[in-house]
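Numbered from 1 within each chain, the chains take letters A, B, ... in sequence-line order.
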Amino acid sequence: MQSTNLIQIENLVKRYQNLVALDHLSLNIQEGEIFGLLGPNGSGKTTAINCLLALLKYDKGTITIFGKNMTPNSYDIKKQIGVVMQNVAVFEQMSVRENIDYFCGLYVRDKAARQQLVEDAIAFTGLEDFTKMRPKKLSGGLLRRLNIACGIVHKPRLIIMDEPTVAVDPQSRNKILEGIVKLNQQGSTIIYTSHYMEEVEQICTRIAIIDHGRVLAAGTTEELKKMIKTGETITIEAVTLDAPLLAQIRTLPHVFDISYESQILKIRLGTAKHNLIRVLNYLQEKDVSFGRVFSELPTLNDVFLEITGKELRD
Amino acid sequence: MTVYRGFLAITRRNIHMMILYLIIFLSIAVSVQKAAGGNKSEFEQVSLNIAVIDQDGGELARGLADYLSQYHTLVDLPDDPSIIQDRIFYREVYYVVTIPEDFEKRCLHGDEMLPITKVPGSSSGFYVDQQINTFMNDVRIMESSGFPLSDAVDSVIMHSASKAEVTLIDKNGFGGDQPLHAFMFQYMPYILLSILCYSMSYIMIAFRNQDVKRRMLCSAVPARSQNLQIVLGYATVGLFVYGICTLIPFLMYGKTFINDPNLFYYLLNSFLMTLVALSLSFLIGTLVNSEDVVSAVVNVVSLGMSFLCGVFVDLEILGKGVRTFAKFLPAYWYEIANNLLANNSSPSPAQQISLYTCYGLQLLFAAAILGVALVISRIRQTA
């Protein structure tokens, strides 16, 4: 079955004087996806979202949502979009319920329908016990949940979440991530931006890695991992390793990169069977004493590292 | 109308502050009007126990004693300094004048002062001093005009007994006094500025929050509609506060206020001041980013303008420099119009021109302040 393109971004360019924030960015997002936009701070994620929502004018390119051109006056499109911004965007003077009702009212006029939607959003975000409280009185995690409730209360077809878990404790973060998956299961397409690769890996069905305003790679997690040479990363605590020995390790089958720093040996190998056993046997043969040993499958950070030559959180 | 409803919901959060300012307003207005606008026409002359010790016994001395007896009660006292001191100490007598021998020669034609004993530093003593001086001067004038001494003394005593009727010209239908509701309208700029600037600035800051604004721009309600709803919110709150402020004089003064021929002009004047206060609140809300600063700024603006423009202190009392500066403030023109209405029941054509000039200037101030606020807001948006 062929999926429909819910969002189509083509050759988007946005410049701030000499700084190119978006450099011919192109993306296709299909209905029913949780699409992750992964990139370090300043990579252009938020700029892309702002252009997508017509909050920012762009210099070149086209944005199509639900098959229609997105402009600041595309209220029929906006009606079907929910937005959860990076910063908590609520009124301090209103209670939790009033805030959710207010933002729902910007989409839904019918009072009875709105009341039901507000109740649903409160239940969905687990804010039942805090409905009368003002945002000032809420903890960081609850405040983020309120922010999400205000964004999703009208049950939109498309939800755009711009780093909704920034500065959130792990427990609240897990709840938020579970909620996002649930929203997706209820039929919403989700665009999720983050610089936390674990989150993106955990919930996103497809991911685009962006840096310097360009899409470096896009696909499912598996597809992205297959794009790189790294099949396994072995980390070994070893007290003394001299240069000739390191050179010999480099020549072992499937090894393509090694580093030794602060008594930690890191070996990157291509996809092959028995990589770990082969390395450990070799160290035993050479009578090298070693401590703890870890073997990891490639992560999105490895993908980012291989594509850009730098860590995702640099 | 979600934005409009939200606007009113946030306004309700500040209702306690509005009530507080209303109470302050009412307290000031009522207490000051009682102090300043009370029964000005009632006057009671003070009569003291005084003693005249006549060592001269002449015609002039008797005349002075008769003259003083018209105003005060004369008490008999022996010419003994210790008894005089004693009586004055116990306030049995407040003033003792000793008329020396050759009184006419020494005091009327000479430079000698009358020996007196009185309660030190008392205003009553000063009061009798003035009466003695008046008597002596009047006799001196009569005598130098050719009257013999006896006729001069009789004439002064006779004329001092006559009373003059004073009637205030009733230009406003309130017997020449300012009507009590005029005092209330005099203080109205303070309450309008305080309540509207305070509450509206808070709401403006809430709606100007960049994140909230972005979320609202992403919504299905067009930006133009959102702005119109905010303007409607402004108008509603402005009219509500104006309604409350103008209702108070109706409740307090009832028919007196309703029958005032200037009723419509009072209401129009305060309505224009409401517009000024609204545009000023929009400017403050545009300039100030923090809720903590709003209170301080509003106090400076409302109190500053009130003191400079004759809201708390009558314009006549203010210095020339202050009045010149106040002309650049809208509340000054409000007060000029209010004074005009308070003192004239049917303004002359020239006064009407002044009245309409005051109204026009207030309107211009409101428009200018709003214009500045809109320009600043636009500059900030594009920055």
task: Could you look at A/Leu55 and say if it's the side chain, the backbone, both or neither that has a heavy atom under 4.5 Å from chain B?
output: side chain
- prompt: Once the angle between the rings of B/Tyr266 and B/His181 is folded into 0 to 90°, is it parallel (under 30°), tilted (30 to 60°) or perpendicular (over 60°)?
  reply: perpendicular
- prompt: For B/Arg5, is it the side chain, the backbone, both, or neither that has a heavy atom closer than 4.5 Å to a heavy atom of chain A?
  reply: side chain
- request: With sequence neighbours excluded, tell me which residues meet side-chain contact (heavy atoms from CB on, under 4.5 Å) with A/Arg109.
  value: none
- request: Determine, for B/Arg13 against A/Glu92, whether the closest basic-nitrogen to carboxylate-oxygen distance falls under 4.0 angstrom.
  value: no
- prompt: Does atom OH of A/Tyr75 have more than 12 heavy-atom neighbours from other groups under 6.0 Å away?
  reply: yes
query: Any chance NZ of A/Lys175 has more than 12 other-residue heavy atoms, nucleotides or ligands included, within less than 6.0 Å?
result: no
task: Would you mind checking which part of A/Glu98 comes under 4.5 Å of any heavy atom in chain B, side chain (CB onward), backbone (N, CA, C, O), both or neither?
output: side chain
query: Taking C-beta and beyond as the side chain, do B/Tyr202 and B/Ile10 meet within less than 4.5 Å on heavy atoms?
result: no
field: Interface residue of largest heavy-atom contact number with chain B, from A/Asp101, A/Ile77, A/Asn73, A/Asn50, under 4.5 Å
entry: A/Asn50
query: For chain B, which residues from residues 128-161 of chain A lie under 4.5 Å away (heavy-atom distances)?
result: A/Arg134, A/Asn147, A/Cys150, A/Gly151
- prompt: Closest heavy-atom contact between B/Thr286 and B/Met204?
  reply: OG1-CE, 3.6 Å
- request: If the plane angle is over 60° it's perpendicular, under 30° parallel, otherwise tilted; pick one for B/Phe207 and A/Tyr102.
  value: perpendicular
